[in-house]
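Any value given below was found using the heavy atoms of this structure, including those in side chains, with hydrogens, waters and symmetry copies removed. These figures come from a predicted structure and were not determined experimentally.
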Amino acid sequence: LFAFTILYFRGQSANMLSLGAIDFGIIVDSSVIMVECIHHRLSTGVDAHLPLELRIVGAAREVQRSLFFSTIIMVCALLPLFTMSGPEGRIFGPMADTYAFALGGALLLALTVSPVLCRTFMQHVPHGRANFLVRWIEASYLSQLSLALKHRGMVIAGFCLVTVGTLATLPFLGREFMPQLEEGNIYVRGTFPPNVSLQEVVEKSTLARNRFKDYPEVAAILTQQGRPDDGTDPTGFYNSESLVSLKPQEEWPQVVPRNGLARLFGSHRARTKNELVDLLDKDLSRTVMGVDWNFSQSIRDNVMETMSGVKGENCLKIIGPDLVQLEELAEQASAELTDVRGVQDVGIFSILGQTNLELSIDRDKCAAWNVSIADVQNALSTAVGGKAIAQMVEGERSFDITLRWPERLRADEEAILNIPVDVQRNRVIPMNDQSSGLSSVGSAATLPSPTGSVDLILPNVVAQRRLGDLVSFKTPPEVPGQRPPLTKNGASTIYREEGQRLIAVKFSVRDRDLASTVAEAQKVTAHLFSGGYRSEWSGEFEEMQNAISRLAIVGVLTMMAIVVLLYLALHSLLDVITVCSNVVVVCLGGVWALFITGENFNISAGVGFISILGVGMMDGLILLSGFNAARSAGVALNETLQTVMARYLKPLTMTPLLAIFGMLPAALSTRIGSESQKPLAIVMVGGMLLTLLLRNLIPVFYSLYGDRTPRIVDDVDPVPTEPVVA
């Protein structure tokens, strides 16, 4: 209710993003520890001569300092989440806000409402033995503790060996940016050659659409060519996009035969999403050839396009000055990427390939005929491309009236070369001979006069010349005596970033983690770029690198703040190091949980590590506070370790179990929407399990230096050492 109230006044909603990753087991940890501490003191008869209120206050004082600092540390551990930006910030930012509000409300509840409720409902707590399960857990842990204290050198050496081994295996842990959220659809994009006709795109898109219909998992298909009228998605009609909506997975037919022990669950099973995509890819590549196909999902496609800047999840951007060289490098890089395991849907966003009509206007010929270059260009553009000469208004809309030659007069190169160009501003050149006729640049005919003594000069007239008389053919013909073609392979779309030309090679990653795939791709393509040409890897990989870098920097600053808070709570650097050893334990458990389940490390898993960081701190802080309180009261070291562990074993076992049971549904879920929370839940479950297994590690570390008299912390009562009343 506290978190909901804060969300309401902040204008935020309660949804899967803000509440989906919150473990209610972790939220109630502080109340569990407070209530259990009060119940323990009342049930064992400690300070039985005091009034009930004072006994509850004494029990609350025993853990209030630890709970306060541990909750502050848990909220501080969430600082990396508050600094997230981009897609990861949109997904986990609301969760961080709600988590912090819920933890604050839980601390307020534990320090105020919980003791009052205990005063109301625990007035007559019976004295008795703990149940069988609690007695068995206490006996097991205490016997393990005695054995560990006798061989603490081996225990510490084994812990260090496991830590070093885990660190050595970290490079083999797959890394990715974000887990793919299942959207229930497939977004298929086909990129045709730039010089393709619209009719061919429509025909082949229809063929691809018919292939989609052959799969029983497909519910509906929506196909579009080109770009929308509003200009929000600039592209050419060589681009075809299809939204393939899928039926619910429980309705997919079981068509894949099972092998081995899996046959016990049936002879056949339904296809997986990846298997369906692979089949579509092979089918389209075989039936609709010459097209670069890309498979994604509707929302994911838009997000990835925003991050990469191209229509693809990831892309290699080759930057350099020459368009032809860029195209060649892209072809070589594409061939290298195709051989990298895990790389799929490789395609080049070609900058060449459009058929251009190239006419080299000869300035010397134009000067000889006194023809303006602009006149030649105007005549050519009007005849071939069309030129607006006026506008027509219809209601509130205006339309250009375009002048263009009929197709038969511009259908081929010869017809284009016959386009007439006006020869204006003619000069009259006197003729030295007496012959009459027209000159090449005008008319200067000498006509006989009645008297034979007067020459009449005709006024200027406008002549015309063929376009072919005003251009030059500098490219040597392939066959002697023939004119070289005027149509050449020219630029289609020139991409630029920061004023530099580039070409993009897009690709997707499937059946392999993103980090190792791109690392191998970078290695195999590194030799291609030199001499003014360089590469940049953008898209999901670039966003992952930036997010991990931000998390690393903020994580280091957060750990420094946590160490300061721990020192303020414990007043001992050795105690701080001992508490941090428990953090190492929970992190090791999270890493091995990812290895065992085959999950990759991503932002969701990183949030899981941040969440269990506070739990590890809280458990260590409560134990160290109890150890120091007993030692400051003069209790022997071994007796301190045994007594305090017996005292706090039940609440410190309940809190990890609550976290585990709270996250098991998310860790085991396979429904749509579970992908974003699953890595987080797996990390938390693994970390809590290893914490339960290595609970005795903190007392072993404390035994190395616990003979000293710790500094007495105000408002902390010594832990009572009275045995449990049978």
task = Answer yes or no: is there a side-chain heavy-atom contact under 4.5 Å between Asn628 and Ser572?
result = no
query = Which atom pair, heavy atoms only, marks the closest approach of Thr112 to Pro115?
reply = O-CD, 3.3 Å
inquiry  = With heavy-atom distances below 4.5 Å as the criterion, would you say the side chains of Met688 and Thr655 are in contact?
reply    = no
message = Run the side chain to side chain contact (heavy atoms under 4.5 Å, CB included) test against Cys76 and tell me which residues pass, sequence neighbours left out.
response = Leu79, Thr558, Ala561, Ile562, Leu565
message = Going by ring-ring contact (aromatic ring centres under 6.0 Å, His included), name the pairs with one or both residues in residues 133-175, residues two or more places apart or in two chains.
response = Phe159-Phe701
ask   = Going by atom types alone, do Glu62 and Ser625 pair a side-chain donor with an acceptor below 3.5 Å?
value = no
query = What residues, two or more places apart in sequence or in another chain, satisfy salt bridge (Lys or Arg N to Asp or Glu O under 4.0 Å) together with Arg175?
reply = none
ask   = Would Tyr648 and Ile33 count as a side-chain contact (heavy atoms from CB on, under 4.5 Å) if you check the C-alpha gap in whole Å, the side-chain angles of each, and the deciding distance to 0.1 Å?
value = CA-CA 9 Å; Tyr648 291 117; Ile33 293 173; 5.8 Å; no
ask   = More than 12 non-hydrogen atoms from neighbouring residues, nucleotides or ligands closer than 6.0 Å to CZ on Phe68, yes or no?
value = no
ask   = Mind checking whether Leu107 and Phe2 have side chains closer than 4.5 Å, heavy atoms only?
value = no
query = Partners of Val113 by side chain to side chain contact (heavy atoms under 4.5 Å, CB included), sequence neighbours excluded?
reply = Leu109, Leu117
note = Contacts of Ser516 meeting side-chain hydrogen bond (donor to acceptor under 3.5 Å, both in side chains) (sequence neighbours excluded), chain-then-number -> Arg512, Asp513
key: Other residues, nucleotides, ligands: >12 heavy atoms within 6.0 Å of Leu170 CG   = yes
request  = Look at the side chain of Glu176 and the backbone N and O of Asn600, then say whether any donor-acceptor pair between them is shorter than 3.5 Å.
outcome  = no
task = Only counting residues at least two apart or in another chain, list the ones meeting side-chain hydrogen bond (donor to acceptor under 3.5 Å, both in side chains) with Arg271.
result = Glu217
ask   = Closest approach of Ser31 and Ser114, non-hydrogen atoms and distance?
value = OG-OG, 3.5 Å
request  = Run the numbers on Arg647 and Glu36 for salt bridge (Lys or Arg N to Asp or Glu O under 4.0 Å), then give the verdict.
outcome  = CA-CA 10 Å; Arg647 167 66 189 84; Glu36 201 283 331; 3.4 Å; yes
query = Do the side chains of Leu52 and Leu42 get nearer than 4.5 Å, heavy atoms only?
reply = yes
key: Any Met663 side-chain heavy atom under 4.5 Å of Leu680 side chain   = yes
note = Taken in chain and number order and not counting sequence neighbours, the residues that satisfy ring-ring contact (aromatic ring centres under 6.0 Å, His included) with Tyr705 are Tyr702
query = Does the pair Arg631/Glu639 count as a salt bridge with the N-to-O cut at 4.0 Å?
reply = no
inquiry  = Which residues pass the salt bridge (Lys or Arg N to Asp or Glu O under 4.0 Å) test with Arg258, not counting sequence neighbours?
reply    = none
message = My understanding is that only residues two or more places apart in sequence, or in another chain, count here; which of them pass salt bridge (Lys or Arg N to Asp or Glu O under 4.0 Å) with Glu313?
response = Arg300
message = So Leu657 and Leu692, do their side chains get closer than 4.5 Å, heavy atoms only?
response = yes
query = Can you check whether Arg695 reaches Pro656 side chain to side chain, under 4.5 Å on heavy atoms?
reply = yes
key: Main-chain N/O of Asn185 paired with Lys273 side-chain donor or acceptor, under 3.5 Å   = yes
ask   = What pairs with Ala60 under side chain to side chain contact (heavy atoms under 4.5 Å, CB included), at least two apart in sequence or on another chain?
value = Met34
ask   = Mind checking what makes side chain to side chain contact (heavy atoms under 4.5 Å, CB included) contact with Ala593, not counting sequence neighbours?
value = Ile682
remark   = Residues pairing under side chain to side chain donor-acceptor pair (under 3.5 Å) where one sits in residues 160-174, two or more places apart or in two chains, turn out to be Thr166-Trp592
key: Heavy-atom side-chain contact between Glu599 and Val683 under 4.5 Å   = no
